[in-house]
Amino acid sequence: MTKICCIGAGYVGGPTMAMIAHKCPKVEVHVVDINQARIDAWNSDVLPVYEPGLYEIVAACRGKNLKFSTAIDQAIREADIIFISVNTPTKTFGAGAGRAANLEYIERCARRIAESAHGHKIVVEKSTLPVRTAEAVKRILSASANGATFDVLSNPEFLAEGTAISDLLDPDRVLIGGENPAAIERLVDVYAHWVDRKKILTTNLWSSELSKLTANAFLAQRVSSINAISALCEVTEANVDEVAAAIGTDSRIGPKFLKASVGFGGSCFQKDILNLVYLCEHYGLHEVAEYWEQVVKMNDYQKARFTRNMVKTMFNTVSGKRLAIWGFAFKKDTNDTRESAAIYVCRDLLRENAILNIYDPKVAHEQIRNDLRDLMANEAGELNQLDRRLIDNNVHVVESTQAAASGAHAIAILTEWDEFKTADFERIYSQMQKPAFIFDGRNILDHQALKQIGFEVHAIGRRV
Ligand code: NAD
Ligand code: UGA
């Protein structure tokens with residue numbers, strides 16, 4: 001029986017390992033983490049990750065061939081295959097700060113594996129890593145305390161949050177990079193339990209590592225491209241959704257990932273592009289670095305532009321005005337707020353002295369305040385008095401769209417949650433200040449119907 005250990009019980013480690021356990025009943029899967037609270041949550045009825053369909057799979061496998069614990073050394077000792085799925089955030093200090101990936105968690109895992117392992121192990125990089133990280137991982141592992149031997153594979157994850165279960169069930173591809181064909185085949189065998197072998201691509205280690213960064217850079221580039229065009233649409237009376245539909249019918253372009261928005265968020269797009277930029281600079285490829293950096297700059301511009309438009313439209317001041325913020329997660333169907341455009345928009349509105357009523361169906365109240373604190377704090381993690389007062393006094397986290405909009409001058413849609421489309425807008429309108437504005441940062445509402453009710457509607461990349 002194959003035994004798998006996964007170090008890192010986060011948004012990737014948890015769902016991916018649950019799927020392997022679900023599809024491979026004869027494989028024993030042990031997911032470990034240093035964070036006891038997170039492990040406790042994986043063992044409870046309220047999982048730490050909200051993802052449609054995830055709970056059912058975890059509940060079906062937990063206690064059978066799927067285990068969550070903090071017994072990291074034991075899990076390493078017992079496993080044949082060890083996945084490393086820890087976080088690789090952007091470095092905030094020292095050389096490469098603000099760009100390079102912080103690999104300290106990866107290094108700690110590699111050292112711990114080197115200390116605890118016996119015999120032969122396959123170590124799989126599941127985290128997203130700079131190209132050639134496997135080289136460092138191999139060197140650390142080669143100093144094994146117990147004479148263990150290792151193969152290192154790269155197996156980046158392509159799931160998107162909110163659709164993780166369907167992405168894992170039916171992936172466009174599984175990518176495995178490595179050197180030793182026997183080790184590669186061992187991992188191919190695991191995925192081949194449910195993924196067509198034709199969809200399992202094998203490459204050298206470096207192509208696999210670099211493909212992951214490149215895939216995210218290309219996806220983010222599409223969003224920044226359509227968002228750039230949205231700004232042009234707003235001044236020319238073209239409609240960005242019509243433009244997207246028109247270009248998306250070209251089979252060479254394709255229709256996906258052309259939805260103009262308030263800006264992309266999520267833990268990875270920005271981090272991975274900045275990582276790519278840093279790598280290019282490291283290798284002296286300055287033009288290539290600048291090219292990709294523009295994708296992030298365009299995203300910053302889009303987020304800032306959204307807030308500027310709100311303020312300008314509302315007679316150049318939102319000071320003292322109550323504004324309803326609908327949605328705080330970086331996309332629908334997830335409780336994840338990492339790098340959500342909403343955090344930036346809320347910060348900018350708060351600094352205009354607005355009063356915010358924030359509602360998100362899945363994000364914990366404290367998370368919203370923490371995100372704002374983290375963004376507004378200085379490098380030492382401290383808030384100045386003014387920002388502290390703004391967060392304490394001007395932020396109200398509420399339980400419904402209705403509660404958020406009550407008494408408000410405007411509604412800003414920052415996440416495309418389905419429930420926002422079916423809100424009772426007649427009633428909401430009657431409870432708002434007039435003129436009542438809607439700023440649809442996701443272009444999901446029926447703008448004509450809202451206008452008929454009496455709202456003044458502003459959307460991304462189209463005149464309403
Ligand atoms: P996460 O922060 O949700 O989870 C990482 C977990 O690793 C945390 O629970 C943390 O406690 C744990 N951890 C850190 N150091 C550890 C150590 N030394 N020993 C044991 N546990 C440790 O991160 P995530 O979103 O799951 O992302 C993990 C990796 O996968 C990142 O490299 C990310 O870029 C990549 N990725 C993420 C997604 C996504 O949708 N979130 C998709 C594809 C790839
Ligand atoms: C993204 C990739 O889609 C995954 O393949 C990848 O595995 C993952 O990053 C990762 O490496 O972490 P994710 O960030 O979870 O997945 O979600 P996406 O669906 O890609 O959305 C990212 C952001 O772009 C969201 O804020 C979303 O609202 C925005 N977006 C997406 C748009 O504004 N317009 C679009 O057309 C598509």
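As the structure lists them, so they are numbered: ligands from 1, and atoms in each ligand from 1.
Here R338 has side-chain heavy atoms under 4.0 Å from ligand 1, and that is the only part of it that gets that close. Residue L159 touches ligand 1 through backbone and side chain together, judged by heavy-atom distances below 4.0 Å.
The cationic group of K362 lies under 6.0 Å from the six-membered ring centre of Y50 and within 45° of the ring axis, placing it in a cation-pi geometry. A cation-pi geometry, defined here as NZ or CZ lying under 6.0 Å from the six-membered ring centre and within 45° of its normal, does not hold between K121 and F150.
The ligand atoms of ligand 1 that sit less than 4.0 angstrom from a heavy atom of T88 are 31 (C), 32 (O), 34 (O). The distance from ligand 1 to the heavy atoms of N35 drops below 4.0 Å at these ligand atoms: 11 (O). When each atom of ligand 1 is checked for a heavy atom of C109 under 4.0 Å away, the hits are 17 (C), 18 (N). Proximity to G10 (heavy-atom distance under 4.0 Å) selects the following atoms of ligand 1: 1 (P), 3 (O), 4 (O), 26 (O). Applying the 4.0 Å criterion to heavy atoms of S85 picks out, from ligand 1, the atoms 5 (C), 28 (C).
Polar contact check, R38 against ligand 1: a nitrogen or oxygen pair lies under 3.5 Å apart. Residue V12 places at least one N or O, backbone or side chain, under 3.5 Å from an N or O of ligand 1.
Taking atom 20 (C) of ligand 1 as the reference point, the nearest protein heavy-atom neighbour is I7 CG2, 3.3 Å. The protein atom (non-hydrogen) at minimum distance from atom 24 (P) of ligand 1 is Y11 N, 3.9 Å. For atom 21 (N) of ligand 1, the closest non-hydrogen atom of the protein is I34 N, 3.5 Å. Closest protein heavy atom to atom 43 (C) of ligand 1: E157 O, 3.2 Å. Looking from atom 44 (C) of ligand 1 to the surrounding protein, the closest heavy atom is T128 OG1, 3.5 Å. Of all protein heavy atoms, the one closest to atom 14 (C) of ligand 1 is N87 OD1, 3.3 Å.
Side chain to side chain, T307 and R347 fail the donor-acceptor criterion of an N or O pair below 3.5 Å. Checked by atom type, the side-chain pair N227/S224 shows no donor-acceptor distance below 3.5 Å. Judged by distance alone, the side chains of Y291 and Q221 do bring a donor and an acceptor atom under 3.5 Å apart. When only modelled atom types and interatomic distance are considered, E416 and S261 share no side-chain donor-acceptor pair under 3.5 Å. A donor atom on one side chain and an acceptor atom on the other are found under 3.5 Å apart for N335 and Y11. If you check the side chains of D440 and H447, you find a donor sitting under 3.5 Å from an acceptor. The closest side-chain donor-acceptor pair between D80 and T2, if any, does not fall under 3.5 angstrom. N155 and Y191 form a side-chain donor-acceptor contact under 3.5 Å, judged by distance and modelled atom types alone.
Taking 4.0 Å as the cut-off, K271 counts as a neighbour of ligand 1 on heavy-atom distance.
For NZ of K312, the number of neighbouring non-hydrogen atoms (other residues, nucleotides, ligands) closer than 6.0 Å is 12 at most. By the neighbour-count criterion of 12 heavy atoms within 6.0 Å, atom CD of E290 is sparsely surrounded, having that number or fewer from other residues, nucleotides or ligands.
Each of E157, F158, L159, A160, E161, K212, N216, L219, V223, F257, L258, K259, S261, F264, G265, C268, F269, F330, K331, R442 has a non-hydrogen atom positioned under 4.0 Å from some atom of ligand 2.
W326 pairs in a ring-ring contact (aromatic ring centres under 6.0 Å, His included) with only one of the listed residues (Y359, W417, F425), which is F425.
Remark: K259 pairs with D241 by the salt bridge (Lys or Arg N to Asp or Glu O under 4.0 Å) rule, at least two apart or across chains.
Below 30°, between 30° and 60°, or above 60°: for F439 and H458 the angle between ring planes is below 30°, a parallel geometry.
Nearest residue to atom 41 (N) of ligand 1 from K212, E161, R108 is E161 (criterion: closest heavy atom). Among G14, C268, S267, the residue whose heavy atom lies nearest to atom 33 (C) of ligand 1 is C268. Comparing V31, D33, T16 against atom 11 (O) of ligand 1, the shortest heavy-atom distance belongs to D33. With L129, I106, V86 as candidates, the residue nearest to atom 29 (C) of ligand 1 on a non-hydrogen basis is V86.
Counting heavy atoms from C-beta outward, V124 and I84 have side chains that stay 4.5 Å or more apart.
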